[in-house]
Each structure stands twice: as structure tokens, then as C-alpha cells.
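Structure, as C-alpha cells:
Proteins get letters first, then strands, A, B, ... in listed order; numbering begins at 1 in each.
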Amino acid sequence: MPPIPGSGLAKGLAVTLRTMTKRSHTAQYPEVQPELPPRSRGVIGLFEENCTVCMLCARECPDWCIYIDSHKETVPAAAPGGRERSRNVLDRFAIDFSLCMYCGICIEVCPFDALFWSPEFEYAETDIHELTHERDKLREWMWTVPAPPALDPAAEEPKEIAAARKAVEKAEVAAAAATAPAPPATGTYPAAPGPGTPTLAPAPAERAAESGPGTPAAPAPAAPDDAAPAGESTTPLPPTTPEGDA
Amino acid sequence: MNDVLDVGLRLLIVFAVFLVLPLVVGQTEHKVMAHMQGRLGPMYAGGFHGWAQLVADGVKFVQKEDIVPANADRRVFQLAPAVALLPYLLVLLVIPIGPGEGAVGQVIDAGLFFALAVMGVGVLGSLMAGWASANKFSLLGGLRTAAQLLAYELPMLLAAASVAMAAGTVSLPGIVEAFEWWWLPWQVVGGLVFFTAGLAELQRPPFDMPVADSEIIFGAYTEYTGLRFALFLLAEYAGIVVLAALTTVLFLGGWHGPFGGDGSGWVWTLLKIAALSFVVIWLRVSYPRLREDQLQKLAWTVLIPLALAQIALTGIVKVAIQ
């Protein structure tokens, strides 16, 4: 059925009339703050304690808007006869937000989690020079960074936690097996994986797969945890463990 | 002495209405447009619902410098807003609000003729403004305005003539006296033509091509600033009131209402005027602007044939009744 001529005109009138009777959906921004999503890119906050002056952020920045100055200090030897150590001390950390294009690369490359996105976005200035935020200001932004959002209910467990949990479970199984049938051999199995045990690291086979085609696929050594017979203490890692792309 | 007082009082009342009603329409337009478009801008001035928006507008207009271009024809340039505005004041004089002598500024036997003739003077204001601005774009805008107003004058007159035929009189109170309820369906085409043509006469959207502020920068009014520009705007709003009032009187039965005695006739008239003014604003929000050729085509190929058909229908029914 062809449309009645003029029905479009009537439809237009109906739309405006309907809109008039509804409440406006316009966000009343200055009075009401917007509800920003948790990953909003407002401004960058700096957590100074985590910064090691590695300069990765400044080097990766496409706009070169991060300025870092530092100097080295020597730390006296901790023990008598020990070696003196040198340590980087941050003198200046500034981000020029008039250049920044909010790509977030600095935050992603920071290996020590010293940079964070804050959702604060109201920092307009009348002078462009004042958009260069020095470290104290970046530090202040840090306190506006929200807590990381919780994982989705069905999300995969984070790798570190998964690995640690698996290790603990295995240790428990091993401990149970060790105590019940046979007297324990020399040494006791550690209940929790200590720093020396490789349980926190992913299984070597997995690491070999991760290391990519560049590294020769080493024959996966028998995973020490899997192969660990009951009652034995942890076997040390074989020396040929593939170490990433070293 | 009593006559002088009577005339003075009537003039004063008409003048007061002339000053108040367009402002009411203007305020309504602010609010209705804001609601229809989901905007908050006009809701701030003065607090509650932005009641002071119109006052703020007025203050703004008064503050602006009154500029007359160096090469302009000064006298004509300065007179143009008054010429555009005055006809509407004069038309208000003859529009009956209620029954009887007391509810109309001045009873003129040829009231319809007078009203339409005087409204035709309005085009002179735009032409004067366009010509005297010493600006070729303003001149173009003025000529476009003239072309549009002339094109729409004809269907407007024809539609009004149909009502005059039906009533057998050109007196505005006479037409309302003669009005019967079945005139509504009988004259509906004429009414639509009259209203549409009147809208175009006022250069209101969607017929605001000659003043299109985004395309030819307010046409004939480019060079006008401050209060003179405000006068042109006021002419537009006074025009809305006059158009709504004329349509009410001619096609909607003026002071006749579905209930209530003659005493409350003026309420009905005002209600109908208000409703029609709302429709004018509503149309502005809903429709995009017509292009020049579409505008002329609508007048000559749609409205005039419709108006002629209405006249023929009126004639046939009139003869059939007798």
C-alpha cells in the first residue's frame, strides 16, 4: 500500500510533539558530573615510588611529551666488604598535556606500573604552559585513579594466581602422599612454594610454546612438579630451561 | 469628550495587546522549541524554567550598538523596521475578540479588505531594508522576500475571499456572526491554504528562505543591529498573533465555542489564537526550510489551485443552499 501523501509531514509533527512531552535527556554537565566508564582516559597519574627512571615511557611516547630528568646516587654497601650500588633518582617527571594525544602507550609500556589513567578531565588552563604537569601535579592525579575494576564473573583466572594455586594444590597432594604411606625421606616438602621453587613460573613446556619460533623449540623437559615422585623433595630445574628470547 | 476618551482607551488597549501578545508568543516559542529539541539553553536565565529568557534577550538587544552603514540611505534604513511592524498594529485594530462593539478596536465594514490590504504593506519594510542597506546581498534578500510575499499574497486573498463569499460580507464581526459549525469541514481547505500562505507571508520556517540565517545571513536584515533588528523580530511575532487571530476569525468561528455564553467569547478567541500560535511554533521545529524553487512551486501549483477549488466549492454550496 503506498503511503498516504502528507503522512510523512504528520509523522514529523508527531515526533516533535512526543519529544516535547518527554523529559530532556541532555546531560547537565556542569551541575551533574558525567558517569565515566572505568577506563576513561582523562589525565595521567604518576606513582613515583614505582618509577625506576627506565625512560621507556618517554622513549615510546609518539609525541615526545614526557620529560624525565634523573641522576645516579651511590648507595653505600649494605654489609662490610660489600659492593656499593648505584641507584637512579628521579629529578623531574613532567607530561605536556598540550602535546599528549592520550594514546596511553606510556602507561602500557611502563614495566613497573608507575603510570595510570585517571578519569579526571577538568584541567583546562588559560595558559598553554600550565598544561605541562610536573611530578607533584602528576602525583596528585594519582589519588584520583580508581581501583581497578573487578574481573567479570566468568572471567579466566589471572595467570599468577592460577599458577600459585596449582602449585599449592600439588604441594598439598604431595604432602598428603608423603605423610600417609611411607616415612618421609630427607628434608620436608615445603608447604608453600618458596622463592627457590619453580612452581610460580609457568610450566616449562608452556614457556617453550610461548617463546615463539625464534627460539629453538627445546625438548620440553619433564616438568619437575608433574614428575616429582612422592616423598622426594623438589627436583631442581634442568639447566637447559629455555629462558624466553635470551 | 466622551468619544475622545473612548477612542483613546481602545487605542491604548489594542496597543497593550500588541505589546504583550507577541512577547507571550516569543516566550512560548523559547520554551516549546527547547522542549521539542531537548535543549537546556533557554532554561537557565532567571531560575525557574528560565522565565527571564525574554528579558535577557531584550537587555541584550538594547545593549548592542545601533549601526547604520556609511553608504546606506539613512532615512529609509532607519524607517524600515517601523514600516514592517506598523501594519500588524493596524490589523489588530479591526480584529474582533468577542461579540459586540466593545470587543473590537474599530468596527470597519470592509474589515477583511482592510486587514489584508494593510498586511500587504509589510513587504515594503523588507524591501526598504534590503534596498537601503547598501549591500548587494541584503538587496538580494529583500528581492527574494518581495518575490515570496507577492507569491503568497494571492492564495491568501483567494482563501479569504471564499469565506467572505460564504458569509456574504467582508466585515470581520459579520463573518463570525454568520459562522456555523459545519463551516469547519466546508472551509477546511481554504483554512489550510490561508494559514500556510500566512506562514509564508511571515517568513516563518519552513518558509524562511529569504531570511535563512545560515545561508544568506538574514537576507534583508543583515545590516541591522540592536533594537532595529529586535523590531523586525517583533514584527515577526506580532505577525504570528495577527495571522492566528485572522485564521481564528475567518475559519474557526472566532468567539463561538462549544459551550459557554457570549460573555466568555473572548476566552475562546484567545484560546484559538494561542493554539494556532503553538502550531506555528510547532511547524517551525518540525520541518526543514523550503528551497527557493520549492517555495514558489508550492504557492503557484498547490495553494492557488486549492484556493480556487475552495472558491468553486463555496460558490456551489452557496447556490445549492439558496
Inset, instruction - Any chance you could measure A/Thr16, atom OG1, to B/Ile281, atom CD1, to the nearest 0.5 Å? - result: 12.0 Å

Inset, instruction - Write down the atom of B/Ser286, the atom of A/Gly12, and the distance for their closest heavy-atom approach. - result: OG-O, 3.9 Å

Inset, instruction - Between chain A and each of B/Met36, B/Gln37, B/Lys31, count heavy-atom pairs under 4.5 Å; write down the option with the most. - result: B/Met36

Inset, instruction - Would you indicate whether the side-chain heavy atoms of B/Val32 and A/Met20 approach each other to under 4.5 Å? - result: yes

Inset, instruction - First locate atom OG1 of A/Thr19, then atom NE2 of B/His35, and finally report the distance between them rounded to the nearest 0.5 Å. - result: 12.0 Å

Inset, instruction - Verify the neighbour count for atom CD of A/Glu49: are there more than 12 heavy atoms of other residues, nucleotides or ligands below 6.0 Å? - result: yes

Inset, instruction - Please check if atom OH in A/Tyr29 has more than 12 non-hydrogen atoms from other residues, nucleotides or ligands closer than 6.0 Å. - result: yes

Legend entry - Residue A/Arg39 excluded, over 12 heavy atoms near CZ under 6.0 Å: no

Inset, instruction - Might you confirm whether atom CD of A/Glu35 has over 12 heavy atoms from other residues, nucleotides or ligands at distances under 6.0 Å? - result: no

Inset, instruction - Mark yes when over 12 heavy atoms from residues, nucleotides or ligands other than B/Lys60 sit less than 6.0 Å from its NZ; otherwise mark no. - result: yes

Legend entry - Which of A/Thr21, A/Leu13, A/Leu9 touches chain B most, by non-hydrogen pairs under 4.5 Å: A/Leu13

